[in-house]
Amino acid sequence: MLSTAGATLAAAPPKKGTQLPNGADNFYTSDQVTVQKVSFKNQYQMTVAANLFVPKALDRKKRTAAIVVGHPMGAVKEQSANLYATKMAEQGFVTLSLDLAFWGGSDGQPRNAVSPDMYAESFSAAVDYLGSQAFVDKQQIGAIGVCGSGSFVISAAKIDPRMKAIATVSMYDMGAANRDALNHSQTVEQRKQIIAAAAEQRQAEFNGDAVRYTGGTVLALAADTHPIQREFFDFYRTPRGEFTPKGASARTTTMPTLTSNVKFMNFYPFNDIETISPRPMLFITGDQAHSREFSEDAYRRAAEPKELFIVPGAGHVDLYDRVTLIPFDKLTSFFSRHLGAASA
């Protein structure tokens, strides 16, 4: 997700009818997999909404490796996470896509609030749930984080050794993205202005003003819309990936609350990333991805075993849903090698 603090809502509704890019299949379903809506409590007694994917050929008398999948920042499980969970379930894994706290069907008020710690907690709660299932090998649970969830799953894995193998795809370091912007293009003074605006709005909302939103994806394109925003628009504001959760407004999907978004300024997911070792980490990014810097930074800081896998011809959003570009074979070999096969 592109953070553009202070952005205002456009008046035009989302456009329809955009032709899908080659291989784009966000809402893919499989006749090889069963899907069940589930929910469970996190450590703070908040409900986490999720989808459980189980291979139809699974021998439930055996314990099978499982994978948690987290959605992009500002998205919900129906956007990218379900696709990854379905595809990995086709490879024989039990998988679980989840809505992070404050998003989709999961608990948390106000809606669309930013709380990196609670996002990481959502991953650990998902591991709790999977570990309680009789057909899951609780010693063989991995995790995939797409976009912002890549940084949240790293944050979670640092303090949750039950995640035995971690993969990120098109990762955004949501802390660095908000402190420094892409390519370190934001000054400290600009950062302070964003923080000051959030503090002022916080006081206004305490006094009764309406909640304001920031960043996220624009609702309409203009002649001067930034190319990165156009990339996100093509997914979030068209039939390719548009999804509005029950009770939400299509005008504010993907947009965090302005007052909470500054919480990312205190988020440093790559600090101590080397302590995840010897658990393996795989960082997947596109060679054309505007977010590539974050995967490369994490890879530099991580300890072995680690791997940086760069997908030729892929941009950031391409790896959300373009099944002809997403390296599912790489993910399958990574988790098969590090999580192993089903056990009795």
Indicate yes or no for a side-chain donor-acceptor contact from [X] to the backbone of [Y] under 3.5 Å, with no hydrogens or angles considered.
{"X": "Thr47", "Y": "Asp107", "result": "no"}
{"X": "Arg179", "Y": "Met265", "result": "yes"}
{"X": "Thr259", "Y": "Arg202", "result": "no"}
{"X": "Thr254", "Y": "Thr217", "result": "yes"}

Steps toward side-chain contact (heavy atoms from CB on, under 4.5 Å) verdict (Lys77, Asn82): CA-CA 6 Å; Lys77 62 185 179 298; Asn82 278 355; 4.1 Å; yes
Value rounded to 0.5 Å, distance of [atom1] in [X] from [atom2] in [Y]:
{"X": "Ser124", "Y": "Ile159", "atom1": "OG", "atom2": "CD1", "value": "6.0 Å"}
{"X": "Met73", "Y": "Met171", "atom1": "CE", "atom2": "CE", "value": "15.5 Å"}
{"X": "Thr252", "Y": "Asn112", "atom1": "OG1", "atom2": "CG", "value": "5.5 Å"}
{"X": "Asn183", "Y": "Arg292", "atom1": "CG", "atom2": "CZ", "value": "12.0 Å"}
{"X": "His226", "Y": "Leu182", "atom1": "NE2", "atom2": "CG", "value": "8.0 Å"}
{"X": "Leu20", "Y": "Asp25", "atom1": "CG", "atom2": "CG", "value": "8.5 Å"}

Validation row: [X], [Y] side chains within 4.5 angstrom (heavy atoms):
{"X": "Arg230", "Y": "Val218", "value": "no"}
{"X": "Pro72", "Y": "Tyr236", "value": "yes"}
{"X": "Asn51", "Y": "Lys37", "value": "yes"}
{"X": "Arg191", "Y": "Gln186", "value": "yes"}
{"X": "Asp59", "Y": "Thr64", "value": "no"}
{"X": "Gln139", "Y": "Arg63", "value": "no"}
{"X": "Asn178", "Y": "Ile194", "value": "no"}
{"X": "Met174", "Y": "Pro116", "value": "no"}

Is there any ring-ring contact (aromatic ring centres under 6.0 Å, His included) pair reaching into residues 130-167, and which pairs are they, with sequence neighbours excluded?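 Qualifying pairs, neighbours excluded: Tyr119-Phe152, Phe152-Phe267.
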Just grab all the ring-ring contact (aromatic ring centres under 6.0 Å, His included) pairs involving residues 32-57, residues at least two apart or on different chains.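 For residues 32-57, and leaving out neighbouring residues, the ring-ring contact (aromatic ring centres under 6.0 Å, His included) pairs sorted by first residue read Phe40-Tyr129.
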Indicate yes or no: does [X] engage [Y] in a salt bridge with an N to O separation below 4.0 Å.
{"X": "Arg162", "Y": "Asp160", "result": "yes"}
{"X": "Asp272", "Y": "Arg301", "result": "no"}
{"X": "Lys62", "Y": "Asp137", "result": "no"}

Hey, is [atom1] on [X] packed in by over 12 heavy atoms from elsewhere, all under 6.0 Å?
{"X": "Arg111", "atom1": "CZ", "result": "yes"}
{"X": "Lys138", "atom1": "NZ", "result": "no"}
{"X": "Ile195", "atom1": "CD1", "result": "yes"}
{"X": "Glu200", "atom1": "CD", "result": "no"}

Say whether [X] and [Y] are linked into one hydrophobic cluster, either directly or through other cluster members, by side-chain heavy-atom distances under 4.5 angstrom.
{"X": "Val146", "Y": "Phe309", "value": "yes"}
{"X": "Ile67", "Y": "Val35", "value": "no"}
{"X": "Leu58", "Y": "Val68", "value": "yes"}
{"X": "Val33", "Y": "Leu83", "value": "no"}
{"X": "Val69", "Y": "Phe102", "value": "yes"}

Evaluate Arg240 against Val317 for side-chain contact (heavy atoms from CB on, under 4.5 Å), listing each step before the verdict. CA-CA 11 Å; Arg240 174 182 172 187; Val317 175; 3.7 Å; yes
NZ or CZ of Arg251 within 45° of Tyr213 ring axis and under 6.0 Å: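 That pair does not qualify as a cation-pi contact.
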I want to check a possible cation-pi pair here: Lys306 against Tyr299, using under 6.0 Å from ring centre and within 45° of the ring axis as the test.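 Relative to the ring axis of Tyr299, which defines the angle, Lys306 lies inside both limits.
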I need the single residue from Lys41, Glu121, Met118 that forms a side chain to side chain contact (heavy atoms under 4.5 Å, CB included) with Met46. Which is it?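 So, applying the side chain to side chain contact (heavy atoms under 4.5 Å, CB included) to Met46 and each of Lys41, Glu121, Met118, only Met118 qualifies.
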Which of these passes side chain to side chain contact (heavy atoms under 4.5 Å, CB included) with Ile154: Ile276, Asp173, Asn271?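 It is Ile276, the one option of Ile276, Asp173, Asn271 that forms the side chain to side chain contact (heavy atoms under 4.5 Å, CB included) with Ile154.
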Show which residues join Val188 in its hydrophobic cluster (side-chain heavy-atom contacts under 4.5 Å, direct or indirect), or state none.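 Its cluster mates, by chain and number: none.
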Checking side chain to side chain donor-acceptor pair (under 3.5 Å) against Ser30, which of Glu90, Lys87, Lys56 comes through?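 With Ser30 as partner, side chain to side chain donor-acceptor pair (under 3.5 Å) holds for just one option, Glu90.
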Closest non-hydrogen atom pair between [X] and [Y], with its separation:
{"X": "Leu319", "Y": "Thr285", "result": "CD1-C, 3.9 Å"}
{"X": "Pro110", "Y": "Thr257", "result": "CG-CG2, 4.4 Å"}
{"X": "Phe123", "Y": "Met163", "result": "CB-CE, 3.7 Å"}
{"X": "Gln201", "Y": "Ala210", "result": "NE2-O, 3.2 Å"}
{"X": "Asp287", "Y": "Gly313", "result": "OD1-N, 2.8 Å"}
{"X": "Pro305", "Y": "Pro278", "result": "CD-O, 3.3 Å"}

Parallel, tilted or perpendicular, as decided by the 30° and 60° cut-offs, for the rings of Phe243 and Phe27: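 Ring orientation, 0 to 90° scale: tilted.
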Under 6.0 Å between ring centres, would you say that holds for His290 and Phe232?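 Ring-ring flag for His290/Phe232: true, centres closer than 6.0 Å.
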